[in-house]
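As structure tokens, the structure follows; a few thoughts come after it.
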Amino acid sequence: MVIDQYILESKGAIVVEYFANDLIFIEDEIIRYYYQIIEGKVKLNNYTNDGKEILQNNIDEGQSFGEYLLFLDKARSPVNAVAITNCKILKLPKSAFLKLLQEYPHLGLDINNSISEHIHFRNIIDKSGSQRSSHKLIALLDHLKSKQPDKAPFSFMVPLTRQEMANLTGLCVETTIKTIKKMEKDNLLKIVNRKIYY
DNA sequence: TCATTAAAGTTAT
DNA sequence: ATAACTTTAATGA
């Protein structure tokens with residue numbers, strides 16, 4: 001989801017700078033802004049009781065995050081938003097954001113689309129039961145690649161560490177590594193000096 | 001099949 | 001150098 005910066009600023013958005021590892025908002029906070037990254041990377045995460053990180057999503061330059069919380073009245077954030085790198089982020093107050101949506105109805109559709117996509121992604125990954133680790137990883141890779149223009153096999157360099165892939169899928173790193181190796185043997189992906197191509 | 005533990009190798013800061 | 005990430009292997013649920 002991306003909204004033009006000038007439109008956002010004309011509605012009162014301000015630019016805020018964060019340093020790597022800064023918390024932008026945290027678990028249990030009530031979200032009062034629409035956030036859109038101008039520069040940098042952000043992650044949404046939370047932690048299990050025993051301290052394992054669950055990565056909900058990595059947000060790249062140009063993308064927004066946490067929008068869905070603005071449609072819920074009293075909901076508290078289930079996730080932390082953490083700057084991965086130094087960031088410049090546009091913040092638009094909730095009320096102005098909602099007004100903006102009335103003014104530009106097609107934005108509502110775009111937002112529905114990006115929110116739905118993410119829910120779909122999570123549902124596929126989280127389907128436990130009969131799921132194999134390879135299915136989760138394939139779901140993750142398909143999801144990432146679906147945002148890319150180039151659909152050719154092995155054309156997509158996966159911009160994630162194995163650690164991050166593990167945290168996104170809920171698998172442990174070792175399983176992730178082993179499964180990826182196996183997938184390479186099965187010609188589902190390629191590895192060129194540790195980078196994964198899908 | 002996968003998590004966990006441990007130990008060692010590799011890469012990035 | 002030191003931390004962060006990757007890999008291999010053994011063990012157990």
Side-chain angles (χ1 to χ4, degrees), chain A residues 15-29 35 37-66 77-89 117-148 150-198:
Chain A
V15 178
V16 182
E17 295 197 35
Y18 296 90
F19 294 110
N21 297 316
D22 278 356
L23 296 169
I24 298 158
F25 58 74
I26 58 171
E27 210 169 327
D28 289 334
E29 203 171 300
Y35 294 89
I37 303 174
I38 301 172
E39 205 182 296
K41 273 179 90 175
V42 169
K43 68 179 175 182
L44 302 182
N45 71 5
N46 40 46
Y47 294 89
T48 59
N49 340 324
D50 48 330
K52 184 178 172 185
E53 179 180 20
I54 303 285
L55 249 191
Q56 285 304 319
N57 208 356
N58 276 354
I59 321 288
D60 292 315
E61 216 155 292
Q63 295 298 117
S64 62
F65 55 91
S77 173
V79 297
N80 308 291
V82 186
I84 297 178
T85 63
N86 293 352
C87 294
K88 285 184 185 161
I89 295 178
E117 189 185 294
H118 185 248
I119 293 175
H120 183 235
F121 159 66
R122 279 260 64 109
N123 282 169
I124 290 176
I125 301 253
D126 293 342
K127 255 197 302 187
S128 49
S130 65
Q131 282 288 6
R132 298 278 170 302
S133 60
S134 59
H135 293 168
K136 295 196 178 201
L137 288 166
I138 287 171
L140 171 62
L141 295 175
D142 281 340
H143 173 72
L144 294 171
K145 191 171 178 174
S146 70
K147 300 181 193 165
Q148 295 293 124
D150 193 343
K151 302 296 179 206
F154 314 132
S155 64
F156 172 54
M157 193 196 89
V158 180
L160 297 173
T161 64
R162 277 138 241 249
Q163 188 79 68
E164 289 173 314
M165 289 192 274
N167 292 336
L168 277 166
T169 52
L171 298 166
C172 66
V173 212
E174 294 87 343
T175 302
T176 303
I177 288 166
K178 210 188 275 177
T179 307
I180 285 172
K181 287 251 155 86
K182 192 178 177 187
M183 289 165 72
E184 186 192 24
K185 264 191 200 120
D186 297 343
N187 256 304
L188 290 167
L189 50 80
K190 273 186 169 179
I191 300 175
V192 181
N193 54 45
R194 288 186 161 185
K195 291 289 170 207
I196 297 166
Y197 292 83
Y198 182 67

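Residue numbering restarts at 1 for every chain, and letters A, B, ... go by the order of the sequence lines. Below, all heavy atoms of this structure are taken into account, side chains as well, without hydrogens, waters or symmetry copies.
- Of the candidates A:Asn57, A:Asn58, A:Ile89, A:Phe65 forms a side chain to side chain contact (heavy atoms under 4.5 Å, CB included) with just one, namely A:Ile89.
- Taking the nucleotide of DNA chain C with the nearest heavy atom to each of A:Lys178 and A:Val173, the more 5' of the two is matched to A:Val173.
- Distance CD1 (A:Ile180) to C1' (B:dC2): 15 Å, rounded to an integer number of Å.
- Both A:Glu174 and A:Ser133 sit near DNA chain B, but only A:Ser133 has its closest nucleotide nearer the 5' end.
- Atom pair A:His135:NE2 and B:dT1:P shows a separation of 11 Å (rounding to whole Å applied).
- The minimum heavy-atom distance linking A:Ile24 with A:Ala83 is given by the pair CD1-N, 4.0 Å.
- Atom pair A:Ile177:CD1 and C:dA9:P shows a separation of 13 Å (rounding to whole Å applied).
- Summarising the geometry, the separation between CD on A:Glu164 and C1' on C:dA4 is reported as 11 Å, rounded to the nearest angstrom.
- Taking only side-chain atoms of A:Thr175, from C-beta outward, the nucleotide of C:dC5, C:dT8, B:dA3 with the closest atom is B:dA3.
- Counting to the nearest Å, the C1' atom of B:dT11 and the CG atom of A:Asn193 are 11 Å from each other.
- Side-chain contact, A:Glu27 with A:Asn46: no donor N or O sits under 3.5 Å from an acceptor N or O.
- Looking at A:Val82 and A:Asp22, their side chains never come closer than 4.5 Å, going by heavy atoms from C-beta outward.
- Rounded to whole angstrom, the span from the CD atom of A:Gln163 across to the C1' atom of C:dT6 amounts to 9 Å.
- A close approach under 4.0 Å does not occur between any side-chain nitrogen or oxygen of A:Lys181 and OP1 or OP2 of C:dT6.
- One interatomic measurement links the two molecules: CD of A:Glu184 to C1' of C:dT7, which rounds to 14 Å at whole-angstrom precision.
- Note: CD1 (A:Ile125) to P (B:dC2) measures 14 Å, nearest angstrom.
- Counting only heavy atoms from C-beta on, A:Leu171 has its side chain closest to B:dA3 among B:dA3, B:dT1, C:dT7.
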